[in-house]
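Presented below is the structure to which this report refers.
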2 protein chains.
Amino acid sequence: MEKGLVKPKPKTKLKDVAKATGFSENTVSLALRGSPRLPESTRDLILRAAEELNYFPNHIARSLANNATRTIGLVLTDIMNPTLTLAARTIERELTKAGYGMMFAASDTSVESEKRALLRFQSYQVDGILVYPAHHRKFDHIVAVAEAGTPVLLLAELRGSGLDTVAIDDMAGAYKVACHLLGLGHRRIAMLDGGFMSGNDDKRRGIRRAIRQAGLPANTLIVHNAKGTSATQGYRMMPAVMADPNKPTALVASTDALATGALRWCGENGISVPGQMAIAGYDNTEVSEFSVLPLTTVNYAADEISRIGVARILHRLENKEARLPAETQLIEPELIVRATT
Amino acid sequence: MEKGLVKPKPKTKLKDVAKATGFSENTVSLALRGSPRLPESTRDLILRAAEELNYFPNHIARSLANNATRTIGLVLTDIMNPTLTLAARTIERELTKAGYGMMFAASDTSVESEKRALLRFQSYQVDGILVYPAHHRKFDHIVAVAEAGTPVLLLAELRGSGLDTVAIDDMAGAYKVACHLLGLGHRRIAMLDGGFMSGNDDKRRGIRRAIRQAGLPANTLIVHNAKGTSATQGYRMMPAVMADPNKPTALVASTDALATGALRWCGENGISVPGQMAIAGYDNTEVSEFSVLPLTTVNYAADEISRIGVARILHRLENKEARLPAETQLIEPELIVRATT
DNA sequence: GTGAAAGCGCTAACAC
DNA sequence: GTGTTAGCGCTTTCAC
């Protein structure tokens, strides 16, 4: 008989274990959950029987009875973004450790599909939701979820949302890169701004602050707006960047991918990096620990915010009644220097 | 009053909509699911009321009643592997399109945690499970899940498992790289074998086949066993590779990361790539579409197998009674040539 | 120490 | 067309 054709055995239920041991469903349920109300003898007896019958609890039924699923939903914009991949991994690990399951959805930076994902999660009755938001100003639907009673935690700052947040301080990160470049003597810095997410405003501000602090004129920074964050975009932007008669000597990209594209363009156009042009990325992802590329970058500590974020939301769940106020926590990222010349 | 402190409104239930409209729960339920048995008038009335009360169904209760969760579990070894990241993304997209939710778990290539993840998914009553297996010979626990009645689909071949499979034909992929290198005239080819997953045996076999077909001696291939698949590993292996008095002129790594490490080593040791040493990767991931690196690589079509895999498992679910036999489908990957010199 | 009964929110079978 | 009833598998009073 072929394996694919075997009739599946009916699943063992609490009732079956009850019948097998002669105890009531109730007692079996208590035993399986290790209630101290039962004497060891009965507990062992029941556990052994359950083991033998290959019983495992129906989590759905339990969830319905408990009004809690021990499941957390994660909404990311795009898991292909290496930073968010790392976040997803860390979050999954932490949740598993804590005995929680994780549901996953991607918004693809579409507010509409973010909305759908949130609704789906609400319907699934997840106990809490972690969100890397799709848009930095359209977030009413996220707030609505929190107000409806599902704890929400943001993994990127959404100013004015009033939601629990654990995120990277992008202003501090960009400030660090800028200080680094200025320290190397650069006096014309171009920025490749990937646009649209709130973080980028902060990045620009961080750079500006460093320039002001160094006592340099505001036009030390030349901002170029990329319509995207991909390597291809970075590559395409370069002619415009270099068209400036007063060419920049350093470049800050708002993502590593953009930086990679810029790097390629320089390679193809005989501009040595970092000799003639310093290039800095952001995220420390495309550019891995073991990078072959001469890119200095900001380490977006996705694992750290994930760990803290998970701890925060679980803590909130365990103190459902305590009504903890929302809180925003920003992590300052490190600069990773890979090219100093 | 602070937002975090607002008392959550109680959720609207079927009963509430029933009361509000004067119909029975049953009728409301039918209306919400668009039953044709109801006249449009009542349906509209009910839908409007539900809308107003901000009703959305409790998926947990529905699942319990239906004995189906419309949820699929995905078990990956490690989502940081870019190939699997892509798989995760594609799978999530396809499932969402089909109206399914996705639970996610990582095994970190530990059979034990793979086992735990499968158990958890069974307990959560997922309708089906997609698995990128942790080990190529220990899979009894996976088979057990299938036999217990939860449809399982493998994303990598597990010979002898008898389980439904949609996977990449690694033998064909490796054969292609080898043919390419041999065609360029290489006569000493080293392989950096990342070990442990079944695919690698196939990769070795594929290369050997190409060599045999070209009428070259078996010792054209020199296999080096890396204890891992990271860039760091690739870097560390290189001295051993180059210690051979009869140095190889080409290198096939079993992952792109390994290849990247090798590339870095060559760079630091004054060996030009691909001039003095051709390097080929595998997966087409570290090495993205827009790569700056001179690495030819095999395109592990994770998105394709994911799409097909999801379609297959959903099809199986929709024909639960049909008892379709298990089937193995192998996709032949393309070679992406980035360095020909 | 253990059991009986009610209920979590929904769907399905069968009345009317 | 619509309502009634029973039940999904578990937990939780509250008796005994």
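Just so we're clear, the structure is a prediction, and the values are computed from it rather than from any experiment. In what follows, every chain begins at residue 1, and chains take the letters A, B, ... in the order their sequences are listed.
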I'd like to know if the side chain of B:Thr85 pairs up with that of B:Arg89 as donor and acceptor (distance under 3.5 Å, no hydrogens or angles considered).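 No pair is found: no donor N or O on one side chain lies under 3.5 Å from an acceptor on the other.
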Is there a donor-acceptor contact under 3.5 Å linking the side chains of B:Glu25 and B:Ser29?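 No, because no side-chain N or O of B:Glu25 sits under 3.5 Å from a partner of the opposite role on B:Ser29.
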Would you mind reading off the distance between [X] atom [atom1] and [N] atom [atom2], rounded to a whole angstrom?
X	N	atom1	atom2	answer
B:Asp16	C:dC10	CG	P	9 Å
A:Arg62	C:dG9	CZ	C1'	19 Å
B:Leu64	D:dC10	CG	C1'	8 Å
A:Glu25	D:dT12	CD	P	14 Å
B:Gln125	D:dC8	CD	P	14 Å
A:Asn66	C:dC8	CG	P	13 Å
A:Leu30	D:dG9	CG	P	19 Å
B:Leu38	C:dT11	CG	P	13 Å

Contact class for A:Arg37 (heavy atom, under 4.0 Å): base, sugar-phosphate, or nothing?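 Base contact.
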Which nucleotide in the set D:dT2, C:dG3, C:dC10 lies at the smallest distance from any side-chain heavy atom of B:Phe23?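 Out of D:dT2, C:dG3, C:dC10, the nucleotide with an atom closest to B:Phe23's side chain is D:dT2.
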Would you mind telling me which of D:dC10, C:dG9, C:dG1 lies closest to the side-chain atoms of B:Ala65?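 Within the option list, the nearest is C:dG9.
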When you measure from the side-chain N and O atoms of [X] to the phosphate of [N], is any distance below 4.0 Å, counting only OP1 and OP2?
X	N	answer
B:Thr27	D:dG3	yes
B:Ser24	D:dG3	yes
B:Ser29	C:dC10	no
B:Arg33	C:dT11	yes
B:Thr42	D:dT2	yes

Distance in Å, B:Ile91 CD1 paired with B:Ile313 CD1, rounded so as to fall on 0.5 Å steps: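 Between atom CD1 of B:Ile91 and atom CD1 of B:Ile313 there are 9.5 Å.
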Least distance between heavy atoms, B:Gln122 atom then B:Ala148 atom: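 For B:Gln122 versus B:Ala148, the nearest heavy atoms are NE2-CB, 3.7 Å.
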Criterion salt bridge (Lys or Arg N to Asp or Glu O under 4.0 Å) on A:Lys97 and A:Glu94, from CA distance to verdict: CA-CA 5 Å; A:Lys97 245 193 264 173; A:Glu94 296 295 311; 3.2 Å; yes
If you find the nucleotide of DNA chain C closest to B:Tyr55 and the one closest to B:Asn26, which residue's nucleotide is nearer the 5' end?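 Comparing both residues, the 5'-ward one is B:Tyr55.
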Judged by each residue's nearest nucleotide on DNA chain D, which is more toward the 5′ side, B:Gly22 or A:Lys13?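 Taking each residue's closest nucleotide, the earlier one in sequence belongs to B:Gly22.
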